[in-house]
Number of protein chains: 2
Amino acid sequence: MGQDVRELLWGDAARPPRGRPAGLSREQIVAEAIAIADAEGLQKVSMKRVAERLDCGVMSLYRHVDGKEQLVALMHDTAIGPAPDLSADRGWREAVAEWARATRAYFLAHPWALPLVTEDRPVGPNEVSWLDQGLGALESTRLSGAERLAAVMVVNGFVRGGVQPEVQESYAGAQWFDFMADPRARERFPNTSALFADGSMSYETPELSFEFGLQVVLDGLERRIGDAA
Amino acid sequence: MGQDVRELLWGDAARPPRGRPAGLSREQIVAEAIAIADAEGLQKVSMKRVAERLDCGVMSLYRHVDGKEQLVALMHDTAIGPAPDLSADRGWREAVAEWARATRAYFLAHPWALPLVTEDRPVGPNEVSWLDQGLGALESTRLSGAERLAAVMVVNGFVRGGVQPEVQESYAGAQWFDFMADPRARERFPNTSALFADGSMSYETPELSFEFGLQVVLDGLERRIGDAA
DNA sequence: ACCTGAACACCGTTCAAGT
DNA sequence: ACCTGAACACCGTTCAAGT
């Protein structure tokens, strides 16, 4: 796998130099797969569907990608793209906030990526650039390396969790709360029931929820950073 | 789906009352599926494998579960079990911390559940009980309903993000960092490279990282709760 | 009536036959 | 040598045939 990952990272170096006019490229394959996932979801992405779109045999794809697993890894790394440059002089708090908002924007644009990032998978260069920029945003602080890493992971986890209800149809469509129709459920889950009754769970203001959570995380970091300084 | 979810929640009420000695039950099927996932991972759980284990025809399973999707939902809800009771008199901070640690313990015990919870899926009664207890842990505070919900989601997101490297083999086995072997990578990702060089990314002290992140989140909540009071 | 085997419509990938 | 169709070993689920 080590070799695979390196190839995926720095790719293209040794591409098959000769043969057909090369009607097919890895970039095309990945782009088509992303288009399918954006339109119909990740589980509709099959080698066959991608090949159909590109008017080629299924096995032709294997000339350019190792297999489905690598294709999916490439989809994510291509779709997320390189991280925004946060090195501008604006203080760690605003830099981290921008990082978090950009991450949220990615998942909103490509909801299929959300379950994907929780799986064990090879990491690509663009994803590493996000980690690197996240760490860079905390460079001006006195946090240790391990603390900076943990801090980036807290922010990352928060973003993923906060974005999930926004991209899930069953939540937006309120099927998630169907169980609350049952009076026994309302009795058994009084706290949830209260939230449901006062409209707190309607999730009509996702951005406000996101910003609330973000400020909580940033406040927590601020205190740690203050202690370290 | 509403009906399905309600049935999944309160189940068992109207079970087929007559017929064979009922050599098969939903509980058995779910238990066997969990056993397979624990031992070999979620993708090894197939209707066929479960049926083999139970010495029955594949289609016999469909008498007790709607299909694979419902089976997986039942696996999660069964494996996570009811939430611990946090109503004891110990203050919101320790209650939330306990909630977070118990959630982490679940994912460590059943790593296959981590990618699963990020998917759009019907929610079961045990999972709702965790939400309910999480909200209950914040009952003594002056946070609004929407704020409490957002707070639980911040903690939940943090736990999932923090636990992910702990349960991922490629991270524990260090393949995750293979790309750092390339000098071009070290140049391109200086912050990540520095962490790698000083050993911060070895992830040999996962519990310390978890506790650091948890305290960050709790500190952030404390400030919000103080503001609200 | 209950149960379940055969058949179907999909997967991703191996392998050997094509050019 | 490059490319790719046929074949394989799986999926989950429908449907109709069994008891």
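Chain naming here is simple, since letters A, B, ... match the order of the sequence lines and numbering starts at 1 in each.
- A/S46 has a side-chain polar atom (N or O) that falls below the 4.0 Å cut-off from OP1 or OP2 of C/dC11.
- B/L214 places none of its side-chain heavy atoms less than 4.5 Å from the side chain of B/R104.
- Here the C1' atom of nucleotide D/dA9 and the CE atom of A/M47 are 17 Å apart, to the nearest Å.
- Using a 4.0 Å heavy-atom distance criterion, A/V65 is classed as making no nucleic acid contact.
- Residue-to-nucleotide proximity on DNA chain C shows that, of A/K44 and A/M59, the 5′-proximal contact is made by A/K44.
- One N or O on the side chain of A/W130 and one on the backbone of A/G81 form a donor-acceptor pair closer than 3.5 Å.
- Of the listed nucleotides (C/dT13, D/dC3, C/dC3), C/dC3 has the atom at the smallest distance from the side chain of B/R63.
- The base-pairing partner of D/dC3, taking Watson-Crick or G-U wobble contacts with both distances under 3.5 Å, does not exist among the strands shown.
- The distance between atom CD of A/Q43 and atom P of C/dC10, rounded to the nearest whole Å, is 14 Å.
- Distance B/K68 NZ to D/dT14 P: 15 Å, rounded to the nearest Å.
- In this structure, CG of B/D66 is placed 14 Å from C1' of D/dT14, rounded to the nearest angstrom.
- Under the side-chain hydrogen bond (donor to acceptor under 3.5 Å, both in side chains) test applied with B/R121, the options B/E69, B/Q70, B/E127 reduce to a single match, B/E127.
- Between the C1' atom of D/dT13 and the CG atom of B/L61 lies a distance of 12 Å, rounded to the nearest Å.
- The main-chain N or O of B/I29 is never found under 3.5 Å from a side-chain atom of B/H64 such that the two would form a donor-acceptor pair.
- Protein atom CZ of A/R49 is 9 Å distant from nucleotide atom P of C/dC11, rounded to whole Å.
- In this structure, B/V45 reaches the sugar-phosphate backbone alone: every heavy-atom distance under 4.0 Å involves primed, P, OP1 or OP2 atoms, never a base.
- Within 6.0 Å of atom CD in A/E187, 12 or fewer heavy atoms from other residues, nucleotides or ligands are found, so the atom counts as exposed in its surroundings.
- In this structure, D/dA9 forms no base pair with any nucleotide, since neither Watson-Crick nor G-U wobble geometry is met with both distances under 3.5 Å.
- Taking 4.0 angstrom as the limit, A/S60 places a side-chain polar atom (N or O) nearer than this to OP1 or OP2 of D/dT4.
- Dashed line: the shortest gap from a side-chain N or O of A/Y62 to OP1 or OP2 of C/dT13 is under 4.0 Å.
- In this structure, NZ of A/K48 is placed 13 Å from P of D/dA6, rounded to the nearest angstrom.
- Nucleotide D/dT4 holds its P atom 16 Å from the CD atom of A/E52, rounded to whole Å.
- For the C1' atoms, the distance from C/dG12 to D/dT14 is 23 Å, rounded to whole Å.
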